[in-house]
Amino acid sequence: MEEAASEVNPATEAPFSRRYRKLLERRKKLPVWAHRSKFIDALSKHQVVVVAAPPGSGKSTQIPQIVIEAGYASEGKQIACTQPRQLVATVLSRRVAQEMDVKLGEEVGYSVLFENCSGPKTILKYLTDGVLLRESMSDQNLERYSVIILDEVHLRTLATDILLAYLKNLLEKKARFDLKLVVMSNQVEAKKYKDYFKGARIVQPLPSLHPIEIVYLKEPVKDLVEAALDKVAQSLVSESAGDIIIFVTGMEEIVRCCSRLGKLIVELGDKIGCVNVIPLHSGMCLDMQKKAFKAAPAPTRKGGLVGRKVLVSTEIAESSLSIDGIVYTIDCGYIKQKVYNADLHVESMLTLRISKASAQRRSGCARRSAPGKCFRLYSQEIFNKFQPQDSPEILRANLAGTILQIKKLGFDDLFHLDLLDPPPPPEAVIRAVETLKCLGALDDVGRLTHSGDLMTEFPLDPQMSKMIIESPKFCCSDQILSIAAMLSVPNCFLAPMEGLEAAGESKSSFNHINSDHLSLLNVYHAYKQNNGDSTWCEKNFINQAVLKSADNVKEQLVLIMHKINLTMSSSDFSSSNSCDNIRKGLLAGYFMQVAQLDHSGDYLTVKGHHVVDLHPTSCLASRPEFVIYNDFVLASRNYIRIITEVPGHWLVEIAPHIYRLATF
DNA sequence: CATTTTGCA
């Protein structure tokens, strides 16, 4: 339906404060606003508008503002603006709240609400695509929103792909005449989204970019961290002022890079001004991450050398994070990704080449405030061989959790959704359905069971959700929730270069005789007993930020338990059979991830018959006949990681549909 | 003996 344009309040009638109106006046002078009226016009005539934006055009803050200004926040409905990353969402929230004269409301999970200053009405909400997808499970028509803005759609997270298909279906079956959808992607991919949503209109804002100079290496280098440091030194000493961002692949490189940087800065002495080195990765709490947005240090004395900020970051800073002041980007050209192989039923971490699009986003970080410079630690020839776009996550992910969500959303399977690209290979889907059937989430004909329905309430892997909903049967809900929380945050053990030995000792003090899961629980309990004390964490080489978030996760999981009326039945951890019960609880979810000791002394996974080894970090003292494992890591050898010993007869007891007496 | 990206509540 083409709704009447009269429903849209003209901007002038909107009850915005004087400060906000002034801001609008100023914004209208920026290039992107030259297309303001065109955008509003498109929005009033079309249900779907695709914004084909060059990076750095400021669309993530400006488009929502234009939408609000055009009066689409009326009638008690909200406007959702999704971002692929939580960090981006919260930072943008703050920024927009500051720019518009708007109160920052409560922070709910990962989303932030705004209140229009003239009244209590909620008008804009930044959230991640995953959260919006979860919301649609309980609010099938997404009735609470009048406009949904999907940002950075071209990054193609699993949630984005499913959301796109879901929203497309919602519009096509005409469930929401009044819903407006704004899809924001990069310029290259925009047409694809226009064609996907029939009748969509493309709007193209102008970039507000400074030029960027790109420098390639002529020869390949041995050590990327050293090569990066070389470029940092060069930028610090001989290039003009401006902050630096270094993209590396992982935590280990970040730690190494930061410590080398520290030394480098000392060596350079008074040739340079004050330098702040800021690591940026997911194992840091939000507050620490937000430090990245603080301005570089001021010169130590008047007329002294200008201070600089050096960010050492993973992927997390790559998309739409416009950190002001960055002038230099150093890009290693690699990314770490989890890739799932459905045939082998194995997930592995791979260090892969980035795409051209990704390389462009990385270099784009450096051109927000001034002309920038990007050092690429690879040659032009190598760049030419990069894939043009990022690989969609849906093609390389374990789909079990997604299929479960899709069932909950009321679709028979993935193939009934009109996906943007050809669907993932049938093997991947079959594997996922098989897994869900084993877990009892789907019945023989593939319908969602009661148990499966409960599982969809948890934002976790199906095995983990299963483990949780089964936990009351083994009187260990509290402990299982703690373990689930510990498993869903990054590794909490610190291993600094200096003090590696002490760190190892401290780690083994938490060891449980036959279970890494229980060792993790020991860490959690010790952390709680010490009230999260930071000196305790430091002394024990525990990453406080990680434990903090584990604690937070656990709290959320407890809330979900209450919400779905599952009783938190747990016995005291010190009771004699408590450890056995917890291990049974683990098995109730992870019975498909079992490995058995072979005659030859190797472990074989029960599913898939892969030869594996216990990961060297495991605390298991012996080599028991049966172990359950949390994950399967493909590295120099096949390792299973986070392991718990289980007696063979438990398998038959707890998963009789998989293990029969005859087998053992 | 080998250490892992990001996303959810």
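Residue numbers start from 1 in every chain, and the chains themselves are labelled A, B, ... in the order their sequence lines are given, proteins ahead of strands. No hydrogens, no waters, no symmetry mates; every other heavy atom, side chains included, goes into these values.
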Exercise for review: Let me know the distance between CG of A:Leu566 and P of B:dA9, rounded to the nearest Å.
Suggested key: 19 Å

Check your understanding: For DNA chain B, whose closest nucleotide is more 5', that of A:His615 or that of A:Val553?
Key -> A:His615

Check your understanding: Taking the nucleotide of DNA chain B with the closest heavy atom to each, which residue, A:Ala495 or A:Asp129, is nearer the 5' end?
Key -> A:Ala495

Check your understanding: To the nearest Å, how far apart are A:Asp516 CG and B:dC1 P?
Key -> 19 Å

Study note, to complete from the structure: Rounded to whole Å, the CD-P distance (A:Glu347 to B:dT5) equals 14 Å

**Study point:** Neighbour count above 12 (heavy atom, 6.0 Å) for A:Gln387 CD
**Key:** no

Review point. Are side-chain N/O atoms of A:Tyr378 and A:Asp331 paired as donor and acceptor at under 3.5 Å?
Key: yes

Check your understanding: Does any donor atom in the side chain of A:Thr82 or A:Asp129 lie under 3.5 Å from an acceptor atom in the other side chain?
Key -> no

Check your understanding: A:Leu280 CG to B:dT5 P: how many Å, rounded?
Key -> 13 Å

Practice item. Verify whether one side chain among A:Thr314 and A:His281 offers a donor that lies under 3.5 Å from an acceptor in the other. Key: no

Check your understanding: Does B:dT6 have OP1 or OP2 sitting under 4.0 Å from an N or O in the side chain of A:Ser282?
Key -> yes

Study note, to complete from the structure: Here the distance between atom P of B:dG7 and atom CG of A:Leu150, to the nearest Å, is 18 Å

Exercise for review: May I ask you to say whether A:Arg85 pairs ionically with A:Glu152, meaning some side-chain N is under 4.0 Å from a carboxylate O?
Suggested key: no

Exercise for review: Would you kindly give the CD-to-P distance between A:Glu135 and B:dA9, to the nearest whole Å?
Suggested key: 8 Å

Review point. Does OH belonging to A:Tyr340 count more than 12 external heavy atoms closer than 6.0 Å?
Key: yes

Review point. To the side chain of A:Lys336, which of B:dT5, B:dT3, B:dG7 is closest?
Key: B:dT5

Review point. Once you round it to whole Å, what is the distance between P of B:dT5 and CZ of A:Arg353?
Key: 18 Å

Check your understanding: Which part of the nucleic acid, if any, lies within reach of A:Leu460 when heavy atoms closer than 4.0 Å are counted: base, sugar-phosphate only, or nothing?
Key -> base

Exercise for review: Taking only the side-chain nitrogens and oxygens of A:Tyr639, find out if one of them lies under 4.0 Å from OP1 or OP2 of B:dC1.
Suggested key: no

Study note, to complete from the structure: Quick note, A:Met349 side chain, CB onward, closest among B:dT5, B:dT3, B:dA9 is B:dT5

Revision key, fill the gap. To the nearest angstrom, the NZ-P distance between A:Lys338 and B:dT6 comes to 12 Å

Check your understanding: Is the phosphate of B:dT6, meaning OP1 or OP2, less than 4.0 Å from a side-chain N or O of A:Thr314?
Key -> yes

Check your understanding: Between B:dG7, B:dC1, B:dA9, which nucleotide has the shortest distance from any of its atoms to the side chain of A:Glu393?
Key -> B:dG7

Point to revise | Reference residue A:Asp390; test salt bridge (charged side-chain N to carboxylate O under 4.0 Å, His left out); the match among A:Lys356, A:Arg353, A:Arg361, A:Arg156 | key: A:Arg361

Exercise for review: Taking atom types as modelled, find out whether A:Tyr524 and A:Asp551 have a side-chain donor-acceptor pair closer than 3.5 angstrom.
Suggested key: yes

Revision key, fill the gap. Per atom distances to the A:Pro459 side chain, the nearest of B:dT6, B:dA9, B:dA2 is B:dA9

Point to revise | Members of residues 244-259 of chain A that approach DNA chain B, where some heavy atom sits under 4.0 Å away | key: A:Thr249, A:Gly250, A:Met251

